[in-house]
Protein chains: 2
Amino acid sequence: MTTTTEENYLKAIYHLSTGNQDSVLTSAIAGSLSTSSASVTDMIKKLSEKNMVEYERYHGVKITRKGEKVALSIIRRHRLWEVFLMDTLKFKWDEVHDLAEELEHVSSDELTKRLDAFLGFPKFDPHGDPIPDTNGKVHSNGQVLLSEITKKGKYILSGVNDHSPSFLQYLEKKGLIPGSIFSIVEMDEFDNSMQIIFSNKSPSLLAKKLAKTF
Amino acid sequence: MTTTTEENYLKAIYHLSTGNQDSVLTSAIAGSLSTSSASVTDMIKKLSEKNMVEYERYHGVKITRKGEKVALSIIRRHRLWEVFLMDTLKFKWDEVHDLAEELEHVSSDELTKRLDAFLGFPKFDPHGDPIPDTNGKVHSNGQVLLSEITKKGKYILSGVNDHSPSFLQYLEKKGLIPGSIFSIVEMDEFDNSMQIIFSNKSPSLLAKKLAKTF
DNA sequence: AAAATAATTTAGACAAGTCTAAATTATTAA
DNA sequence: TTAATAATTTAGACTTGTCTAAATTATTTT
C-alpha cells in the first residue's frame with residue numbers, strides 16, 4: 001500500500017505538523033529527511049494523489065486524517081520496537097532509535113499487536129514519548145516542557161525531545177534518565193535559566209527546552 | 001553494503017546450490033524468485049562484479065565463499081526471527097515465514113547477537129532447519145530425509161523442507177509437529193511408500209520426501 | 001551433423017526515487 | 001511598489017530493479 005519512502009515522508013510531515021497549525025514547508029521536510037527540495041516536491045505530488053496530504057504549490061502541505069493515520073501507525077510500531085529493544089534485548093536508550101527506524105517498516109498489524117501484548121501494553125517509549133493506540137489516538141498524560149514550567153518544586157523527568165545519541169549519552173552520564181526525580185530550586189527570568197537538583201548530587205545548570213516533564 | 005534484493009538473490013542461489021555441485025541455472029533462480037530470466041541475468045552480472053558469484057554466460061552461476069557468507073548471515077537472521085515469532089510472540093509455525101522474510105533484512109549484527117542470546121542460543125528453527133552460527137557454519141546434527149530411511153523403527157520428526165502454510169497446516173492437523181515420535185512399520189519398495197504410526201493414532205500413508213528426520 | 005527446440009542474453013523501455021541547474025513564484029527591502 | 005532575495009517547482013538526467021521482445025547460444029532430435 002505505502003512504500004517505506006512514503007512512510008518516512010509522512011512521518012516527517014506529521015512530526016513537523018504537530019504543535020503548529022500552518023502548512024509544512026517543502027524546505028523543512030527536505031531538511032528533516034536530508035534530501036533536496038526538488039525530491040520533496042516530487043514525493044508530495046505523489047502523496048497528494050493518494051490523498052495523504054493537501055498540497056497547494058508554493059505553499060507547502062497539510063497532512064490529511066488519512067495520512068496522519070499512516071504516520072501514527074508507523075510511529076506506534078517505532079516506539080513499540082524501541083521498548084522491545086531496551087526492555088527485552090537490553091540495548092541502551094541511545095542505541096534504539098536507528099534500529100527501530102528499520103523495524104517500523106515491517107508491515108504486519110498482527111506482529112504489532114502481538115509485540116504490544118508481549119511487552120505488556122506499554123504507554124510510553126524509552127524516551128518518554130507516548131505510544132499511539134491502534135486507532136491512532138495519542139494520550140500524552142500531562143507531560144509539560146521543562147522550558148514551560150513556571151513554578152519551583154519537585155518533578156519527574158518523563159522524557160526528552162532530542163533523541164540524538166550524543167545528547168542521550170550526556171544525560172545518562174549526568175544521571176538523568178526517564179523516571180529521575182528532580183527539584184527546580186531557582187528560576188532566573190533574566191536569561192531563562194533554572195537551577196535543578198537531582199539524584200542527591202550537586203546542583204547543575206541546564207539549558208531550557210531540555211526535557212518534557214510532569 | 002548489500003541491498004535487500006541482492007540478499008534475496010544470494011539466498012536463492014545458496015539454497016539452490018546446497019546438495020548439488022553444479023552451477024545454478026538462470027531459469028532456476030528466476031523460478032525461485034518469481035521473476036524473469038532477463039532480470040536474473042542482470043542481477044547476476046552485478047553480483048559477479050562484487051565477487052559474490054562466479055558467472056560464465058549461458059552456463060549459470062556458482063556462489064563464492066564471500067556470497068555464501070552473506071547468504072548464511074541472512075539465513076541465520078531469518079531462522080532466529082522465526083524462533084522469536086513462535087517462542088516469544090506465539091505465532092503458529094505456518095505464519096512465521098513471511099514475517100521473517102521481512103525481518104531478516106534489518107541490518108544489525110548487534111541486534112542478531114542479542115536476539116540470539118535472548119532466545120537462549122537456539123540451534124534449530126521451528127521447521128527443524130539448523131541455524132548457521134556467527135562464522136557461517138551449519139551444524140546439521142544427523143538429520144536424514146524420510147525418503148532416504150531404509151530401516152523400520154522409531155524416529156523423531158525434526159523438521160520439514162516444504163515451508164508452505166498449507167502443508168504445515170495439513171501436518172499440524174494430523175498431529176505431526178517437530179518433536180513428534182513416529183514409527184515406520186512397513187516399507188514398500190514397489191512405489192516407495194511407507195506406513196508410519198504416530199501419536200497413538202491410526203496408521204497413515206505419507207508420501208516420500210515429507211520430512212527430515214533422525 | 002543439420003534442424004528444431006529450449007534456454008539465455010541483449011536491447012530498449014519503464015517506474016520509483018533521487019539529483020543538479022534553470023525557471024518560476026513569493027517575500028522582503030528599499 | 002518596484003527591486004532584490006529567497007523559496008519552490010520544473011526540466012532533464014541518473015540508478016536500481018524490473019519487464020517484453022528479439023537475438024544469440026546450447027541442447028536435443030532425427
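As the structure is a prediction and not an experimental result, all values here were calculated from the model. So you know, we letter chains A, B, ... as the sequences are listed, proteins then strands, and number each from 1.
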Show, in sequence, the C-alpha distance, side-chain angles and deciding distance for A:His78 and A:Asp125, and conclude whether the side-chain hydrogen bond (donor to acceptor under 3.5 Å, both in side chains) test is met.
CA-CA 9 Å; A:His78 180 103; A:Asp125 80 6; 5.8 Å; no
Do the side-chain N or O atoms of [X] get closer than 4.0 angstrom to the phosphate oxygens (OP1, OP2) of [N]?
X	N	value
A:Thr3	C:dG17	yes
A:Ser27	D:dT8	yes
B:Thr5	D:dG17	yes
B:Thr35	D:dC19	yes
B:Ser39	D:dG17	no
B:Tyr55	C:dT8	no
A:Lys46	C:dA16	no
B:Lys45	C:dT10	yes

For A:Thr26, report the nucleic acid contact type (base, sugar-phosphate, nothing); a contact means any heavy atom under 4.0 Å.
sugar-phosphate
Atom pair distance, as rounded to whole Å: [atom1] in [X] and [atom2] in [N]:
X	N	atom1	atom2	answer
A:Arg57	C:dT24	CZ	P	13 Å
A:Asp22	D:dA7	CG	P	16 Å
B:Met1	D:dT16	CE	C1'	16 Å
A:His59	D:dT9	NE2	P	9 Å
B:Asp42	C:dG12	CG	P	14 Å
A:Lys50	C:dA15	NZ	P	14 Å
B:Tyr58	D:dA26	OH	P	7 Å
A:Glu49	C:dA16	CD	C1'	15 Å

Please tell me which of the listed nucleotides, D:dT18, D:dT9, C:dC19, lies nearest to the side chain of B:Tyr9?
D:dT18
Residue A:Ser36, side-chain atoms from C-beta onward, closest of C:dT9, D:dT9, C:dT20
C:dT20
Take A:Leu16 and A:Ser32 through the side chain to side chain contact (heavy atoms under 4.5 Å, CB included) test and state the conclusion after the steps.
CA-CA 9 Å; A:Leu16 292 166; A:Ser32 156; 4.2 Å; yes
Heavy-atom pair with the smallest gap, counting every atom of B:Val106 and B:Leu111
CG1-CD2, 3.8 Å
Looking at the rings of B:Phe84 and A:Phe84, which for Trp means the six-membered one, are their centres under 6.0 Å apart?
yes
Salt bridge A:Glu56-A:Lys62, side-chain N to carboxylate O under 4.0 Å
no
